[in-house]
J.: 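Below you'll find the structure I mean.
No hydrogens, no waters, no symmetry mates; every other heavy atom, side chains included, goes into these values.
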Amino acid sequence: MKNPFIIAPLAKLQARSLTSLFDLPHLTMPHHTTWSRILGEALDINQLEAEIADFFVKQLTSQVPARDSPGDGNSPGRVGHREPTALSA
């Protein structure tokens, strides 16, 4: 999505989230011409995409709880795992 006419309104709709996520000093988002200049002239798109991907990977990995190893088989909560139950006669 490199079209500033698409990015600008989406950024405006998500201004609160973006401001919080990126610790921005204000809630306003750039006009589409600003996005156009940034994306068209002053930015290496490949580098931007790599930086954004790295940022979100770090965000997601810091929020995801550690999981048991996949080959364990004894981990509660796994599909197919059943806790032993006492049988009553």
Side-chain angles (χ1 to χ4, degrees):
M1 180 187 334
K2 297 175 184 174
N3 186 334
F5 291 99
I6 296 172
I7 295 170
L10 290 176
K12 186 175 181 178
L13 288 172
Q14 296 297 323
R16 288 191 189 280
S17 298
L18 292 169
T19 299
S20 176
L21 183 64
F22 295 110
D23 196 26
L24 301 174
H26 48 77
L27 285 173
T28 58
M29 292 290 120
H31 188 266
H32 66 83
T33 55
T34 305
W35 285 106
S36 180
R37 281 194 313 269
I38 292 169
L39 294 175
E41 300 171 11
L43 196 62
D44 176 355
I45 295 296
N46 293 328
Q47 182 180 358
L48 173 66
E49 289 175 352
E51 293 291 331
I52 291 172
D54 289 344
F55 173 81
F56 284 113
V57 165
K58 289 175 187 171
Q59 292 295 313
L60 291 173
T61 56
S62 69
Q63 295 174 4
V64 175
R67 298 178 127 193
D68 295 324
S69 62
D72 187 353
N74 292 322
S75 304
R78 290 182 49 142
V79 175
H81 178 76
R82 302 169 93 189
E83 290 293 326
T85 57
L87 298 176
S88 57

J.: Once you round to the nearest 0.5 Å, how far does CG of L60 lie from CZ of F55?
T.: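 Rounded to the nearest 0.5 Å, the CG-CZ separation comes to 9.5 Å.
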J.: Is L48 reachable from I7 through a run of I, L, V, M, F, W or Y residues, each pair having side-chain heavy atoms under 4.5 Å apart?
T.: yes
J.: List in chain and number order the residues that pass side chain to side chain contact (heavy atoms under 4.5 Å, CB included) with P30, two or more places apart in sequence or in another chain; answer none if no residue qualifies.
T.: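 So P30 forms a side chain to side chain contact (heavy atoms under 4.5 Å, CB included) with T34, W35.
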J.: Closest heavy-atom contact between A11 and M29?
T.: O-CG, 3.3 Å
J.: Can you name the nearest heavy-atom pair linking T61 to K58, along with the distance?
T.: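 So the two residues come closest at OG1-O, 3.2 Å.
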J.: Hydrophobic clustering (ILVMFWY, side-chain heavy atoms < 4.5 Å, transitive) - are L18 and I52 grouped together?
T.: yes
J.: Check the hydrophobic clustering (I, L, V, M, F, W, Y; side-chain heavy atoms under 4.5 Å; chains of links allowed) and say if F22 and L27 are grouped together.
T.: no
J.: Which pairs, with at least one residue in residues 12-22 and sequence neighbours excluded, count as a side chain to side chain donor-acceptor pair (under 3.5 Å)?
T.: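 Passing the test, one end in residues 12-22: no pairs.
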